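Scroll down for the structure; my scribbles are underneath it.
Chain naming here is simple, since letters A, B, ... match the order of the sequence lines and numbering starts at 1 in each. Treat the numbers as computed from the prediction; the structure is a model and nothing was measured.
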Amino acid sequence: MKHSSLEDYEKVQAVLAYLYENWRDQPSLEDLAAPVGMTADQLQHLFTRWAGLTPKAFLQALTLDHARAMLKDSATILETSYEVGMSGPGRLHDLFVTHEGMSPGAYKSKGSGLTINYGFHPSPFGLAVVMVTPHGLCGMGFCDEGGQAAALYDLQRRWPNAHYMEDSAQTAPYAARIFAPDKWRDGQPLRITFIGSDFEIRVWESLLKIPMGRAVSYGDLATSIQKPKAARAVGAAVGRNPISFVVPCHRVMGKSGDITGYHWGLTRKRAILGWEAGQLAG
DNA sequence: ATGACATTCTTGT
DNA sequence: ACAAGAATGTCAT
């Protein structure tokens, strides 16, 4: 697979945004390509390079029908497999991670006494901001066009009392691994650290059980943590997932298969879902 | 298709 | 304490 660049994502994003603005008009390949200054042919090329799928197949992966298929048996998916306990393995089919909760105090004190290193790295979904503690990855988010400071602040404000230091030498190895599917199964599991409330951590642990190519509903998630009526609260907790992509909150959708919200933008959620479909196909 | 509202948990005052 | 809000879900038109 050829490597895909930041510029690729920006074009893909623009195409997807345009598509969902104008879906009523049934835009053709040419219609989609024109606004980003491409020919239909170039667009074809872009998608296959970036996602490993043709535009047609890529879009196919984002239809309601496809979403419903991903939701099939979603309740059982969360129960299957071994327990993902307080330091168990997760992520059955792709990136293996181990996680641990941050020391109880660290959350309550909003990160005081904690040193967090951060860095910016290119990813298939735009520039990513990556945060690590000595215990592992604790945060990851995405920048929209020129919004580096905003993306950084979005993560920092979750633990406002932590001490932050830019140090991309610390974060680079994480970024390199996370976005290279061929490295997902290599060696040690990826270490991540959850800093959040009990409830949030329970929800985020559940997210780790959703394999690539599958999806669950907010209600399923609620049931899986023994709170079948808490779908709405679960939605809020999912929305506060600090480790975007690695903790696959993009694999949660409405019961009907509707792709609802995403903290880093609905377009990005669609892009990730489509890109993952490409990884599976390839 | 659209809109009201029931419900659970977190957070800011 | 309390009130507001959140990436939901369901039921009535």
Spacing of [X] atom [atom1] relative to [N] atom [atom2], expressed in whole Å:
| X | N | atom1 | atom2 | value |
| --- | --- | --- | --- | --- |
| A:L71 | C:dT8 | CG | P | 14 Å |
| A:K255 | C:dT8 | NZ | P | 13 Å |
| A:K229 | B:dA6 | NZ | P | 14 Å |
| A:R157 | B:dG12 | CZ | C1' | 14 Å |
| A:L207 | C:dA7 | CG | P | 14 Å |

Nearest to side-chain heavy atoms of [X], which nucleotide of [options]:
| X | options | value |
| --- | --- | --- |
| A:K227 | C:dT10, B:dT8, B:dA6 | B:dT8 |
| A:A230 | B:dC9, B:dT7, C:dG9 | B:dC9 |
| A:Y218 | C:dT8, B:dC9, C:dT10 | C:dT8 |
| A:R232 | B:dT11, C:dG9, B:dT7 | B:dT7 |

Under 3.5 Å side-chain donor-acceptor pair for [X] and [Y]:
| X | Y | result |
| --- | --- | --- |
| A:T76 | A:D73 | no |
| A:Y262 | A:S244 | yes |
| A:S256 | A:D258 | yes |
| A:D31 | A:S28 | yes |

- Pairing partner of C:dA1 (Watson-Crick or G-U wobble, both distances under 3.5 Å): B:dT13
- Pair assignment for B:dT8, Watson-Crick or G-U wobble, requiring both distances under 3.5 Å: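 Pairing partner, where one exists within any strand: C:dA6.
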Please classify the nucleic acid contact of [X] as base, sugar-phosphate, or nothing, using heavy-atom distances under 4.0 Å.
| X | value |
| --- | --- |
| A:F199 | sugar-phosphate |
| A:A233 | base |
| A:S197 | sugar-phosphate |

- Item | Donor/acceptor link under 3.5 angstrom from A:Y262 side chain onto base of C:dA7 | no
- Query: Where do A:T54 and A:T48 land on the side chain to side chain donor-acceptor pair (under 3.5 Å) test, with the steps shown first?
  - Reply: CA-CA 5 Å; A:T54 64; A:T48 44; over 6 Å; no
